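See structure below.
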Amino acid sequence: MYRSFFKRFFDFSFAILLLIVSFPVIFTVGIAVIFIYKTNPFFIQVRPGQNECCFNLIKIKTMSEKRNTDGILLPDSQRLTKLGKIVRKLSIDELPQLINVVKGDMSFVGPRPLLVQYLPLYNEEQKRRHSVKPGITGWAQVNGRNSISWQEKFKLDIWYVENQSFRLDLIILLLTFKKIVIAEGVNQSSNITMEPFNGTN
């Protein structure tokens, strides 16, 4: 019952409430991004969701679009601004995903939606992470986030798929809030983002 009805009811209702509450923050940061980056404040990218059905993930941009003389984007470390670091640290960039939750593309809790190009690289066990809706946060995020390996992350995702419940989701949401407050496990060592997934050996 929880997975089929109550979870969706909770997601929709809570996402609407949080969108109303967080709108001033989204609006203010969005204006700052426009002023600093001189571009659209939102980062929109196609990601695979439940049953590998793709949707448009919405986030606030945290990096500029600076390019080298050949027109190629500079490395992430050179495009992440002071504003971007603050926005990431406080997870403000994730707030527009509430729209994805309202639309039903995502849930508050579930395996994080990864890149479309990773789909052919998953083994049969790893593909099971797509049997549920992706989440803004998840079991892997509160157990290391980008500081753990891809293999460990997928194991945690599958464990969540097999054990999801209202109690577990509530624990994950509370732990997520704690992680945001202490900014733990945001980046893998000194890297700006997680290393790309190249398949399982």
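Keep in mind that this is a model prediction, so the values were computed, not measured.
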Would you confirm whether [X], through its side chain, and [Y], through its main-chain N or O, come within 3.5 Å as a donor-acceptor pair?
X: Asn51; Y: Cys53; result: no
X: Gln126; Y: Asn123; result: yes
X: Asp157; Y: Trp139; result: no
X: Gln50; Y: His130; result: no
X: Arg79; Y: Ser64; result: yes
X: Ser149; Y: Glu152; result: yes

How close do [X] and [Y] get, counting heavy atoms only, and between which atoms?
X: Leu80; Y: Thr62; result: CD1-O, 3.2 Å
X: Pro96; Y: Ile26; result: N-CD1, 4.4 Å
X: Arg129; Y: Arg112; result: NH2-O, 2.8 Å

Can you check side chain to side chain contact (heavy atoms under 4.5 Å, CB included) on Lys133 and Asp11, steps first, answer last?
-> CA-CA 11 Å; Lys133 288 183 181 180; Asp11 283 340; 5.6 Å; no
CA sep, side-chain torsions, deciding dist, call: Leu57, Val46, side chain to side chain contact (heavy atoms under 4.5 Å, CB included) = CA-CA 6 Å; Leu57 178 79; Val46 176; over 6 Å; no
Run the side chain to side chain contact (heavy atoms under 4.5 Å, CB included) check on Phe154 and Glu125 step by step: do they pass?
-> CA-CA 9 Å; Phe154 290 141; Glu125 180 69 6; over 6 Å; no
Evaluate whether atom NZ of Lys38 has more than 12 neighbouring non-hydrogen atoms of other residues, nucleotides or ligands under 6.0 angstrom away.
-> yes
Step by step, work out the side chain to side chain contact (heavy atoms under 4.5 Å, CB included) result for Thr81 and Tyr37.
-> CA-CA 9 Å; Thr81 63; Tyr37 297 163; 2.6 Å; yes
Working to the nearest 0.5 Å, report the span between [atom1] of [X] and [atom2] of [Y].
X: Ile36; Y: Lys61; atom1: CD1; atom2: NZ; result: 13.5 Å
X: Lys153; Y: Leu114; atom1: NZ; atom2: CG; result: 7.0 Å
X: Met63; Y: Asp93; atom1: CE; atom2: CG; result: 10.0 Å
X: Phe42; Y: Lys59; atom1: CZ; atom2: NZ; result: 13.5 Å

Using a strict 4.0 Å threshold on nitrogen-to-oxygen distance, state whether Lys127 and Glu52 make a salt bridge.
-> no
With under 30° as parallel and over 60° as perpendicular, where do the rings of [X] and [Y] fit, or are they tilted in between?
X: Phe6; Y: Phe166; answer: perpendicular
X: Phe14; Y: Phe108; answer: tilted
X: Tyr118; Y: Tyr122; answer: perpendicular

State, yes or no, whether a side-chain contact exists between Phe197 and Leu115 at a heavy-atom distance under 4.5 Å.
->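 Result no, sub-4.5 Å side-chain heavy-atom pair not found.
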